[in-house]
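This report refers to the structure that appears directly beneath it.
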Amino acid sequence: MEWRWDFTFEILPRMLWATGNTLLAALIGYAIALVVGLVFLLLQQTRYRLINFLVREIVEFIRSTPLLVQLFFVYFVAPQFGIILSAWTSAMITIGLHFGTYLSEVYRGSLNAVPKGQWEACRALNMSATRTYFRVILPQAFPVALPGMGNYLIGIFKDTPMLATIGVAELMHTANALGAETYRYLEPYTMVGFIFLMISLPTAAGLRKLETAVARAQGQNK
Amino acid sequence: MDTQNPQTPAADGPIVQFRNVTKSYGALTVLDKLDLDIAQNEMVSIIGPSGSGKTTVLRVLMTLETINDGVIYLDGAPLTHMPKDDGLEVANEKYLRNHRSKIGMVFQQFNLFPHMTALENCVEAPINVLGMNRDEAESRAIDLLRMVGMEGKKDEHPSRLSGGQQQRVAIARALAMRPKIMLLDEVTSALDPEVIGEVLNVIRSLNNEHNLTMLMVTHQMGFAREISDRVCFFYDGKIAEQGTPDQLLGDPQNERTKQFLHAVLDAN
Ligand SMILES: Nc1ncnc2c1ncn2[C@@H]1O[C@H](COP(=O)(O)OP(=O)(O)O)[C@@H](O)[C@H]1O
Ligand SMILES: [Mg+2]
């Protein structure tokens, strides 16, 4: 079997359209995960020990089961309990929850990385809790969280092919369909790999630039 | 018990009063029924062995820690407690925010905000807590940075400053909040020997030129002797002995004090 350029160009429009869906899924999923991560973080630090404990266990449970299993649960099992969600909705909920647990750990680690003395300095300067967070703690936690946040952005992007299994028309799903229609698999799957590479590499490079820029803006010699 | 008896000290009395203050961590009693008065503009040094509760005295006064018993009064009003009916109850955050602004603190580890320049460190709280406008806050901060000899580095981040320079900025930052009382916790202990002098000079000039009450924990016996109005020797969460610097450091009466001073002199 040899590479056919005419076929490549023939399927290119469909592949590009699917790339759009892949990016959309990754970005929406990431946005949800960023927020869910924050919610998980806050729900583990409430005044109520029981809530903290339960949320902690839920987070631990989600973190230690595979994304694919969770996806199948939400899409195939939940309907049997009367919860019927579209493929896209199932996908976004699952990615949001799954990666939200990872992001809550990233947030937590980055907050713990801010020395206790910073809180005390704020208190000695009589700053309010809100000011303390927004002016002192979060600006210092952010650069610590940034590499982890970047990794999970790319991680979500690279996990989107799993969404093919429940019929979200992203890159992998489209390549599968093209293969089934034309019996040619070389070009579609090669293109999937290539497109992922073309997006991942510059994104990773961009994230590293961002990390350096943030560090420099804060006066660290990085 | 004192919490039932909120007699408010006269306004021209001591600016700080510890009344029967106890602080413990679990079974460990760190401050043991402490009574301590500090007069307006007095410079009080606290010395004593490690673990005797020196830092804790400053931390409970700064309200970084709550106390388990007793009351601290500040400038004629209760600080750790607030009036309720005929007695006192433990102060809430709002009450604390209204009262602790009279106190400033400088830490052993500086605790400057690393993501801000020296100047930004000094204007952050004046703008956001005191509500000063930026121009006024900056011009005052620059005056203070000049006073501590750091005007030329006002746009540097802490990571670009030496320990002594960071500590001088930290002093300026605390002064920018116009405290009546300054708490200094071993402010030279984390510094290289050759820069200790520059920080002591700043404290010296503060003491001479400003109407500030100061409470200073230090291991610099010579400095304490030169600058203090009174020296308190802490042992086991209590003031074991106190007096003028010449009395306490020159002619100590308490065995513990003598032992401690011997040990310190031997170490130097
Ligand atoms: N957060 C804390 N938890 C438990 N013990 C503490 C805590 N802070 C201080 N201590 C203990 O309290 C005692 C007095 O501490 P400190 O006031 O820092 O002493 P000093 O400044 O005189 O060396 C020490 O034994 C110390 O270990
Ligand atoms: Mg100490």
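Chain letters run A, B, ... following the sequence lines, proteins first and then strands; every chain starts at 1.
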Checking heavy atoms, do the side chain of [X], its backbone, both or neither come under 4.5 Å from chain A?
X        : value
B:Leu64  : both
B:Leu112 : backbone
B:Phe107 : side chain
B:Arg59  : side chain

Proximity breakdown for [X] and chain B, heavy-atom pairs closer than 4.5 Å:
X        : answer
A:Arg135 : both
A:Gln140 : side chain
A:Ala217 : backbone

Q | Under the ring pair (Phe, Tyr, Trp, His ring centres under 6.0 Å) test, residues paired with B:His99 that sit two or more places apart | A | B:Tyr95

(Q) Testing the basics here: between A:Ala124 and B:Met105, what is the closest heavy-atom pair and its distance to 0.1 Å? (A) CB-CB, 4.1 Å

Q | Nearest non-hydrogen partners of B:Leu96 and A:Asn126, listed with the distance | A | O-OD1, 4.5 Å

Q | Under 3.5 Å: donor-acceptor pair, side chain of B:Asn111, backbone of A:Gly117 | A |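 Looks like yes, one N/O pair under 3.5 Å.
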
Q) Is any side-chain heavy atom of A:Pro143 closer than 4.5 Å to a side-chain heavy atom of B:His115? A)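 With C-beta onward as the side chain, the pair stays apart.
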
Q) Taking side chain as C-beta onward, heavy atoms only, is B:Glu124 less than 4.5 Å from A:Leu125? A) no

Take atom [atom1] in [X]; do more than 12 heavy atoms of anything else shown fall under 6.0 Å from it?
X        : atom1 : answer
A:Phe81  : CZ    : no
B:Asn133 : CG    : yes
B:Lys153 : NZ    : no
A:Phe76  : CZ    : yes

Q: Tell me, out of B:Pro158, B:Ser101, B:Pro114, who's got the most heavy-atom pairs with chain A below 4.5 Å.
A: B:Pro114

Q: Run the numbers on A:Arg123 and B:Arg100 for side chain to side chain contact (heavy atoms under 4.5 Å, CB included), then give the verdict.
A: CA-CA 9 Å; A:Arg123 216 169 144 82; B:Arg100 70 163 158 245; 3.5 Å; yes

Q | Choice from A:Pro139, A:Ala129, A:Pro115, A:Ser128 maximising heavy atom contacts with chain B below 4.5 Å | A | A:Ser128

